[in-house]
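Numbers restart at 1 for each chain; the letters A, B, ... are given by sequence-line order, proteins then strands.
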Amino acid sequence: MLKLLNSNRHSNNSIVEMQHIYKTFNKGSVNEVVLFTDFNLNISQGEFVSVVGSNGSGKTTMLNILCGTTEIDSGKIFLKGQDIGKMKEYQRAASIGRVFQNPAIGTCPSLTILENMSLADNKGSTFGLTPGINKRRIDFFRSQLELLKLGLEDKIDLLVGSLSGGQRQALALLISTMTPIELLILDEHTAALDPRSSETVMELTERIVREKKLTTLMVTHNLRYAVQYGDRLIMMHKGNSVIDVAGEDKNNYAVSDLLKIFNEISVECGN
Amino acid sequence: MDVFLSIFNNILEEGLIYGIMAMGVYISYSVLDFPDLSVDGTFPLGMCITAALITAGFNPFLSCIIAFICGAVAGCVTGLLHVKLDITNLLSGIITMMAMWSVNLVVTRGSAVLPYYNQPTIFTSGPIGILPEGLYTYRVVIIAALAVIVLKILLDMYLKTKSGLLLRAAGDNQQFVISISRDPGKMKIIGLAIGNGYTALAGSILSQQAESANINSGTGMVVMGLASVIIGLSIFGKVKIMKATTMVVLGAVVYKACLAIAMLLGLPTNFMKLLMAVIFTIALVSSNFMKKGRNKRHAETPEF
Ligand SMILES: Nc1ncnc2c1ncn2[C@@H]1O[C@H](COP(=O)(O)OP(=O)(O)OP(=O)(O)O)[C@@H](O)[C@H]1O
Ligand SMILES: [Mg+2]
């Protein structure tokens, strides 16, 4: 029954293509986890994809595979037609922006806001012996910070470590989208925030993604966000996408429907 | 009075020269968060290379530069072991430290001590000629202070460049460096090169003050460097206008002063290393203690 929910999506303007991905953790040991067997995913240019799924269904691993944090056993990964399977994580990062669940990962705590932004602003250029902070960019940084509506534009010399989690996450989102990227990856980036900050960061995400027309892959445990935001919805389960809908089909889903399917899957698996 | 003056002079001489090493250790330990044990090998490396070069008739200033470069290369070895071969940071340092022992013996052609009395050094040749007669007794302090100032300014300037900022980021949050599409491993290697370059340079300058090189001089350098860094940052950390590089140099001076006072009070020389260990422990414990206090007040000052 679940198979029917999958609309077979193949378009030739795919910006992300994951083909025949196989991944097993701790192969051959007692802790062996067979996660992906022949997993495929295509994402079109400009698409905003929300991904939901139970704990351990492979969402983070899928993102890690895309970013190069986790190596695959076999399969192919293309980004804008280029085979990136052999590239190192930091090389892939040239065209990928990523915000993590943990707000501490997206920024440097012992550097100031200005220093963090200056570093990020220089992504894609060389890091030589020229001044680390380009004074002429400060006004631009301030105008970017104003968009966050958190008052950070007046605090650019403050250490990032002294900001709250929500402030840091908003900054991380801003920083990761400041330079041109092909793909934005968000892994439960609102999960560590209180409801209000979470709402703010999610609205900010929507605005940035729409303004910059970013292709986005967002993992969330918040079913309402998954339904409300994004053009396409994927539900993962045990390394498979059990729901993959876009456009009209997606709009027909309500939070309650998702919740029902969620529970159905769990019952099917006997837990 | 003269005795005190000469002791004070002595503390400053050694404190400033070891302060150069402290700046190197600051880069690896504080900026990169890498406890680098290769320092025990690269400090005598600087000494031995300088002794060998000056004996062979090289210009003492050129010898300093060569010592720096050799130290930097040794630092790269530690970095490559850690980054490319995935060896833990402590073990990478130990491997280099061990290898340096043989390298140093090769440089000194097998002798543990290599004296070069009455050869030109940075304290007896070059610009020293313009120093007024009356200040000649203080020439070591003056030259060492000049060297510290120049090296400190260079390091401060580097830390403000794009590369320097990236180095600080690499010690702070590697994932951030990856996100901006840079290799954090490369930054570690650069940082270790600078750290050990400064250490070897300190060894070179100290050897020129003593006009000899001693293979055994490296023992305890890691502890001395770390203690200077931690003492400096703990005591002067509150001073807003002072740069961390200045703090660690002053830390080295304070550390040397502690040792000198202990000697004055009649501590037998044999207990020196024990005292160093005790001071280091106190410094570590008190800095942990202060860190905890600060974190409670929502980290305002830089972490170290
Ligand atoms: N490095 C690893 N070593 C071993 N097993 C791993 C590793 N990373 C992930 N796994 C396993 O792969 C499965 C999927 O994990 P993953 O983190 O991708 O799930 P997730 O969908 O992101 O879950 P969550 O919603 O809890 O974040 C889990 O069973 C996990 O135990
Ligand atoms: Mg996850």
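Neither the backbone nor the side chain of Thr69(A) comes within less than 4.5 Å of any heavy atom of chain B. Neither the backbone nor the side chain of Asn134(A) has a heavy atom closer than 4.5 Å to any heavy atom of chain B. In this structure, chain B has no heavy atom under 4.5 Å from any part of Ala172(A). Of the two parts of Thr130(A), the backbone and the side chain both hold a non-hydrogen atom closer than 4.5 Å to a non-hydrogen atom of chain B. Heavy atoms of Glu115(A) lying under 4.5 Å from chain B belong to its backbone as well as its side chain.
Counting heavy atoms from C-beta outward, Leu186(A) and Leu173(A) have side chains that approach closer than 4.5 Å.
Comment: Arg137(A) engages Asp121(A) in a salt bridge, judged by a side-chain N to carboxylate O separation of less than 4.0 angstrom. Taking the charged nitrogens against the carboxylate oxygens, Arg142(A) and Glu146(A) have no contact shorter than 4.0 Å, which rules out a salt bridge. Look at Arg168(B) and Asp172(B) and you find no salt bridge, because none of the NZ, NE, NH1 or NH2 atoms lies under 4.0 Å from a carboxylate O.
Contact residues of residues 174-183 of chain B toward chain A are Gln175(B), Phe176(B), Ile178(B), Ser179(B), Ile180(B), Ser181(B), Arg182(B), Asp183(B) (heavy-atom distance under 4.5 Å).
Listed here is the closest heavy atom pair of Ser63(B) and Phe58(B): OG-CB, 3.7 Å. In plain terms, the two heavy atoms of Ile230(B) and Ala283(B) that are nearest each other are CG2-O, 3.5 Å. The shortest non-hydrogen separation linking Thr179(A) to Ala120(A) is CG2-O, 3.5 Å. Shortest non-hydrogen contact noted between Ser110(A) and Leu159(A) is O-CD2, 3.5 Å.
Ranked by heavy-atom pairs shorter than 4.5 Å toward chain B, the options Leu119(A), Thr126(A), Ile175(A) are led by Leu119(A). Between chain B and the options Ala94(A), Gly97(A), Pro131(A), Gly124(A), heavy-atom pairs under 4.5 Å are most frequent for Pro131(A). The candidate from Gly132(A), Ala93(A), Gly68(A), Gly106(A) with the greatest count of non-hydrogen atom pairs under 4.5 Å with chain B is Gly132(A).
Note: Phe43(B) and Tyr18(B) meet the aromatic proximity criterion, with ring centroids under 6.0 Å apart.
For Tyr26(B), there are no ring pair (Phe, Tyr, Trp, His ring centres under 6.0 Å) partners, not counting sequence neighbours.
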